[in-house]
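Here is the structure we will look at.
Note that the numbering runs from 1 along the sequence shown for the chain. Counting starts at 1 for both ligands and their atoms, following the listed order.
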Amino acid sequence: MTIAASPSSLRTGTVDTHCPYCALQCGMRLTGTEIEPRDFPTNRGGLCQKGWTAAALLDSPGRLTQPLVKVDGELRPAGWDRALDLVANRVIELQARHGADAVAVFGGGGLTNEKAYLLGKFARVALGTSQIDYNGRFCMSSAAAAGTRAFGMDRGLPFPVEDLRDADAVLLVGGNPAETMPPFTQHLRDAELIVVDPRRSATAELANLHLQPAPGTDLALALGILHAVVADGHLRRDYLAARTTGFDEVWRIAATWWPERVERVTGVAAADQRAAATMLATAGNAYVLTARGTEQHARGTDMVSAWINLALALGLPGKPGSGFGCLTGQGNGQGGREHGQKADQLPGYRRLDDPAARAHVAAVWGVDPDSLPGPGRSAYELLDSAPKGLLVFGSNVLVSAPNAARIASRLSEVELLVVADVVMSETAATADVVLPVTQWAEEDGTMTNLEGRILLRRKAVTAPPGVRTDLAVLRGLATRLGQPEERFPEDEERVFDELRRASAGGIADYAGVSYDRLRDGEALHWPVPSVDHPGTPRAFLDGFAHPGGLARFAAVDHSGPAEPPDDEFPLQATTGRVLAHYQSGAQTRLVPELMAAVPELYVEVHPDTATRAGFADGDVTDVVSRRGTVRARVRCVPTIRVDLVFLPFHFPGDERANLLTNPALDPTSRMPEFKVCAVRLEAVT
Ligand code: SF4
């Protein structure tokens with residue numbers, strides 16, 4: 001079913017490129033399957049274990065190299081024409097019977113900007129469906145919503161990563177970069193580091209002050225620290241008057257959250273809250289950074305807003321040498337949320353319900369603005385709706401979606417499931433048609449890293465025969481659906497030039513970015529509105545992106561997790577990543593060194609909790625929530641809270657941590673509550 005390409009057929013010379021995994025986009029040099037680190041501002045010559053071993057994906061025996069079509073319940077090799085004809089004919093049939101929205105599209109945060117852009121255009125123009133969303137909804141959407149609410153614009157870090165080197169204090173909330181992106185931590189080396197995390201993570205070990213709140217209580221903690229800032233006379237009143245609006249409503253809430261009250265809710269000592277406030281307020285340069293731990297909640301947008309409120313009260317955003325930012329996780333988590341694969345969005349971070357935005361993009365696409373569908377469902381809602389047809393590009397939703405058993409059941413009802421991917425992911429294995437596509441080093445394309453810098457990732461090796469680019473797949477399908485060839489180019493640079501025009505004048509304006517400028521090594525952070533514009537490494541210095549230029553406080557209050565613990569499920573579970581694996585693990589589980597490092601699901605448990613439940617370190621337990629059960633090996637960790645267990649989410653089948661997770665959705669971002677649900681430990685029967 002698959003063939004392995006030999007290393008000798010891969011070699012095309014030495015090429016400077018970037019790691020295929022996370023949003024740090026570390027610089028590396030690739031010669032065939034040999035990797036060496038490269039000096040680049042985000043990694044400064046560092047790579048993590050995933051980066052060092054990334055070339056294993058290029059000649060992995062697990063690589064897909066020919067289209068597969070399900071016949072009599074089994075996936076069998078097929079030619080490209082047969083596979084694409086089958087998909088197009090079934091799409092036409094399903095839409096004729098059930099309407100355009102019967103066919104949905106699901107994208108990924110690892111897709112290049114060109115792919116994310118063309119996928120959005122394919123959905124709206126070739127399929128005419130409103131049903132498109134992507135897995136970044138599970139990852140960054142609460143940060144994006146809160147950033148837009150406060151600043152009028154969502155760029156994860158509105159400053160270069162290297163600026164952090166001059167910080168005197170950094171507050172990092174719900175992030176564990178020492179495992180997820182280790183080279184990042186070198187930028188924090190000289191700062192007083194405060195880490196907020198219910199686990200004593202590898203990053204918390206580096207901290208000067210570790211605050212360990214009960215899961216789902218971050219918002220109360222942010223209010224407590226804000227209260228201490230004001231009570232101790234650190235409020236930056238000049239900054240508030242000149243650059244913000246809305247503090248009074250926030251203070252009406254924060255005034256009721258004095259640190260001793262917050263201690264009773266969060267478990268974080270009042271003295272530690274005051275210490276954090278003092279460390280941040282007395283630092284010359286300070287930053288507040290958030291990540292998934294505070295975002296992946298049913299009130300994730302409000303939680304991020306609470307930390308933004310704190311940063312604004314300290315006068316940090318938009319000030320040289322200080323700031324607020326969110327650490328993007330997926331490789332193109334930033335660019336992937338800017339150019340049209342989100343349910344409510346058009347390229348350039350334009351809104352799909354904005355008539356002027358529709359007119360601009362429709363003109364670039366050569367279609368009638370009225371022909372563009374409106375906003376569709378968010379990721380979980382889209383999957384849960386069981387569309388008649390579903391086309392998945394670069395996402396392994398059977399492992400990565402919350403409430404995974406429910407999603408698997410709903411996807412079993414889909415009449416046509418098509419997966420375009422590099423490897424046989426768990427989702428691809430259940431598909432009706434599997435389309436093998438090129439991966440990072442086999443194609444050109446741009447990525448936008450966690451600081452909003454656009455990078456050109458260049459082709460370094462020859463793809464195995466039988467593999468096509470996603471752009472070629474979209475073109476092949478679009479033309480079969482009646483679209484003119486010229487509307488769906490497959491040349492990456494041509495697609496990017498069209499993206500530039502479509503994004504021109506938008507929030508994420510790439511109009512002035514060109515492949516030539518990127519080839520010349522220019523550091524271009526968006527917005528870049530013209531070819532003679534130097535880019536915007538530091539946003540907000542002259543004003544925020546709201547009309548009038550003021551940042552907006554958001555009056556938010558604590559409410560706790562959607563599913564609190566009770567007698568039946570007395571513990572809380574949280575999920576996250578480990579150093580050796582990435583996202584659903586579909587790629588990293590194919591790398592022998594990474595699988596040797598972490599081969600199976602485990603559950604971190606406090607020794608006292610394990611003893612009370614009848615387990616010892618190394619035992620196997622069932623972890624049970626209202627939605628499902630996973631089997632995991634117990635790791636006793638004395639530094640974790642006694643009311644909390646932790647599971648990594650990289651494993652398939654019965655080891656899917658997302659069998660447990662709660663799909664309660666944030667009302668603004670539609671982000672599920674991955675980070676906390678109620679569970680119990682049970683003996684294996
Ligand atoms: S996974 Fe992230 S931190 Fe690790 S090498 Fe790749 S880009 Fe760098």
Side-chain angles (χ1 to χ4, degrees), residues 15-30 33-58 60 108-113 135-136 139-140 156-157 160-162 164 172 175-189 201-203 206 289 291-292 325-336 394 400 422-423 439-441 445-458 460 576-591 593-595 597-598 648-650:
V15 175
D16 285 355
T17 184
H18 296 271
C19 174
Y21 296 114
C22 85
L24 201 59
Q25 287 293 293
C26 294
M28 58 170 57
R29 189 160 289 136
L30 189 62
T33 53
E34 295 295 316
I35 281 177
E36 55 178 321
R38 182 165 65 86
D39 196 22
F40 186 72
T42 60
N43 64 308
R44 291 208 163 174
L47 289 179
C48 78
Q49 196 178 10
K50 295 184 288 292
W52 277 109
T53 57
L57 296 173
L58 297 171
S60 167
L111 300 180
T112 62
N113 291 319
N135 66 16
C139 186
M140 284 297 299
L157 298 183
V161 165
E162 283 190 303
L164 293 167
L172 174 57
N176 185 15
E179 285 214 51
T180 58
M181 48 174 72
F184 175 84
T185 59
Q186 65 185 297
H187 303 290
L188 305 177
R189 212 173 274 153
S201 64
T203 309
L206 305 174
L289 306 175
R292 302 306 82 71
C326 298
L327 298 180
T328 299
Q330 293 195 72
N332 199 28
Q334 180 68 54
S400 60
V422 173
V423 298
Q439 57 178 320
W440 60 296
T446 61
M447 307 282 279
T448 304
N449 75 359
L450 77 172
E451 55 187 9
R453 176 173 171 172
I454 300 124
L455 312 170
L456 179 58
R457 210 171 57 183
R458 294 161 59 207
R577 284 167 51 189
V578 298
L579 174 62
H581 288 290
Y582 182 70
Q583 301 301 82
S584 78
Q587 293 158 300
T588 50
R589 282 185 271 114
L590 293 176
V591 179
E593 294 93 324
L594 301 180
M595 271 306 272
V598 185
F649 54 65
H650 311 292

- Message: So L327 and F184, do their side chains get closer than 4.5 Å, heavy atoms only?
- Response: yes
- Sequence neighbours excluded, which residues qualify as side-chain contact (heavy atoms from CB on, under 4.5 Å) partners of C139? R292, Q330
- Is there side-chain contact between L58 and W440, with heavy atoms separated by less than 4.5 Å? yes
- Task: Report yes if some heavy atom in the side chain of L455 is under 4.5 Å from a heavy atom in the side chain of F40; otherwise report no.
- Result: yes
- How about I35 and L47: do any of their side-chain heavy atoms sit closer than 4.5 Å? yes
- Note on the structure: At a cut-off of 2.8 Å, protein N/O/S around atom 2 (Fe) of ligand 1 gives C22 SG
- Is R44 salt-bridged to E162, going by a charged N under 4.0 Å from an acidic O? yes
